[in-house]
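One structure is given below, encoded as structure tokens.
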Amino acid sequence: MKIGIVGAGMVGSSAGYAIALTGIASSVIFVDRNVDLARAQAEDISHAVPFMSSCVVHAGDYADLKGASVVILAAGVSQKPGETRLELLGRNANVFREVVGEVLRVTPDAILLIASNPVDIMTQITARLSGLPAGRVIGSGTILDTARFRSLLGRHLRISPQSVHAYVLGEHGDSEVLAWSNARAGSEPLLSFATQLGTPISDAVKAEIDDGVRNAAYKIINGKGATYYGIGAGLARIVKSIAQDQQDVLSVSVVTRNVAGVADVALSIPRVVGAAGICADMMPTLDEDEKEALHRSASLLKTTIEAVTL
Ligand code: ADP
């Protein structure tokens, strides 16, 4: 399978690196308006490939995306001093107007996988610009927040994060919702599992994990200026589900008809991901506080997207 990546910056290149090394695609092609950067990333990653897989990695222009089954959109501009979040959004919407048009001209049947932030809003903008069915415009959403949640729970319980089933819902951002009430480890409700293992989850532990998930990006940015390996691997995980038609349940962002009483908004809930893109949505059973928090998160995103003019 051929994978296109538009935007060869930190996030796009980390995704390309993870996809190339894990061998889940036969080729990866980078497109960036900074042609030298795209070439350098492709060259550097292609030198890592012989150690791990046989993926072909190139840089090219939009025409070279022909035949790509998935195109990751990781292009964007960064915030200027004094610029509001909405002004930045407007400029990124313009970048996407150009990029989405170019991509669809060459590869109209591709699934679009959005990585640029604010990812839920950019996903909804892409859905509008492309006119594609919602299930073929997928934002990375809370896939990374969910991985952070599972990782911190696994660390506390001293078990593999892969044996933890817990999701972060809603916005990929400050209003996200950690769904504690339906979290499980093995097949057991989380709290019961934790007590049996002698690692109970007190309110203090809960607060610490909540903070660890919610503020992970801020802490990483303080130390190294940006986050990219985690999201790069998350994007590769979504691509794997599509490439191998795995029907995995992943928390990703898609424009959804109704979530917590809010209509037509892109945010994350668990969804079944396979070769066709999103095959089904799943609304988890939540307690009253979580329902209310998800409603707040969805409303906030809805207010923002309504302020964006395209
Ligand atoms: P991030 O950390 O989110 O990856 P970067 O600034 O490292 O952010 O990467 C964003 C990339 O998007 C840059 O390499 C930039 O050249 C690219 N880009 C910006 N606008 C466009 C555009 N219109 N077309 C293609 N690439 C673009």
Side-chain angles (χ1 to χ4, degrees), residues 3-20 28-45 57-66 68 70-81 83 85 87-107 110 112-123 125-126 128-130 138-145 148 171-173 216-239 252-253 308 310:
I3 308 297
I5 301 180
V6 182
M10 298 313 295
V11 171
S13 63
S14 298
Y17 184 62
I19 291 166
V28 170
I29 174 111
F30 283 106
V31 177
D32 196 293
R33 70 172 175 192
N34 182 343
V35 176
D36 289 343
L37 176 68
R39 279 204 197 114
Q41 298 284 29
E43 191 76 357
D44 195 7
I45 293 170
V57 185
H58 286 301
D61 52 27
Y62 284 104
D64 298 306
L65 295 178
K66 193 171 171 58
V70 180
V71 179
I72 297 175
L73 304 184
V77 289
S78 46
Q79 203 153 6
K80 287 180 187 166
E83 188 176 41
R85 227 173 133 242
E87 284 165 346
L88 173 69
L89 245 178
R91 286 201 299 133
N92 270 328
N94 285 337
V95 169
F96 266 48
R97 183 180 289 113
E98 173 196 327
V99 167
V100 171
E102 296 276 9
V103 168
L104 290 182
R105 222 185 324 279
V106 186
T107 179
L112 303 181
L113 181 50
I114 321 307
S116 304
N117 273 319
V119 69
D120 302 290
I121 302 295
M122 296 313 293
T123 300
I125 286 174
T126 306
R128 271 198 211 161
L129 289 171
S130 66
I138 306 171
S140 53
T142 57
I143 191 159
L144 179 56
D145 315 78
R148 288 170 175 153
E171 180 198 18
H172 169 59
Y218 294 115
K219 289 177 187 160
I220 295 168
I221 289 167
N222 273 342
K224 59 184 260 189
T227 76
Y228 37 89
Y229 294 132
I231 190 57
L235 290 162
R237 181 70 189 80
I238 300 167
V239 168
V252 289
S253 186
V308 175
L310 287 177

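We count ligands from 1, going down the list as the structure has it; atoms in each ligand are counted the same way.
Taking CD1 of I138 as the reference point, atom OG1 of T123 lies at 9.5 Å (rounded to 0.5 Å).
Nearest to atom 19 (C) of ligand 1 by heavy atom, out of A38, G76, A15, S14, is G76.
More than 12 heavy atoms of other residues, nucleotides or ligands shown are found within 6.0 angstrom of OH on Y62.
Checked against N94 for a side chain to side chain donor-acceptor pair (under 3.5 Å), the options R91, E98, R97 give a single hit: R97.
The backbone N or O of H172 lies less than 3.5 Å from a partner atom in the side chain of D120, making a donor-acceptor pair. No donor-acceptor pair closer than 3.5 Å links the side chain of T107 to the backbone N or O of V103.
Across V100 and S130, no two heavy atoms sit closer than the pair CG1-CB, 3.9 Å. Between A110 and A68, the shortest heavy-atom contact is CB-O, 3.5 Å. For the pair D32 and A38, the tightest heavy-atom approach, listed with the atom from each and the gap, is CB-CB, 3.9 Å.
Looking only at heavy atoms of the protein, atom 3 (O) of ligand 1 is closest to V11 CG2, 3.7 Å. Looking only at heavy atoms of the protein, atom 5 (P) of ligand 1 is closest to G9 CA, 4.0 Å. Looking at atom 14 (O) of ligand 1, its nearest protein heavy atom turns out to be D32 OD2, 2.7 Å. Looking at atom 25 (C) of ligand 1, its nearest protein heavy atom turns out to be R33 N, 3.3 Å.
For ligand 1, the atoms closer than 4.0 angstrom to any heavy atom of L37 are 14 (O). Listed by atom number, the atoms of ligand 1 under 4.0 Å from A75 heavy atoms are 12 (O), 18 (N), 26 (N), 27 (C). Ligand-side atoms of ligand 1 in range of V95: 20 (N), 21 (C), 22 (C), 23 (N), range being under 4.0 angstrom from any heavy atom. If you number the atoms of ligand 1 from 1 as listed, the ones under 4.0 Å from a heavy atom of E98 come out as 23 (N). Listed by number with element, the atoms of ligand 1 under 4.0 angstrom from any heavy atom of M10 are 2 (O), 4 (O), 7 (O).
Atom 8 (O) of ligand 1 is never approached by the protein to below 4.0 angstrom, counting heavy atoms only.
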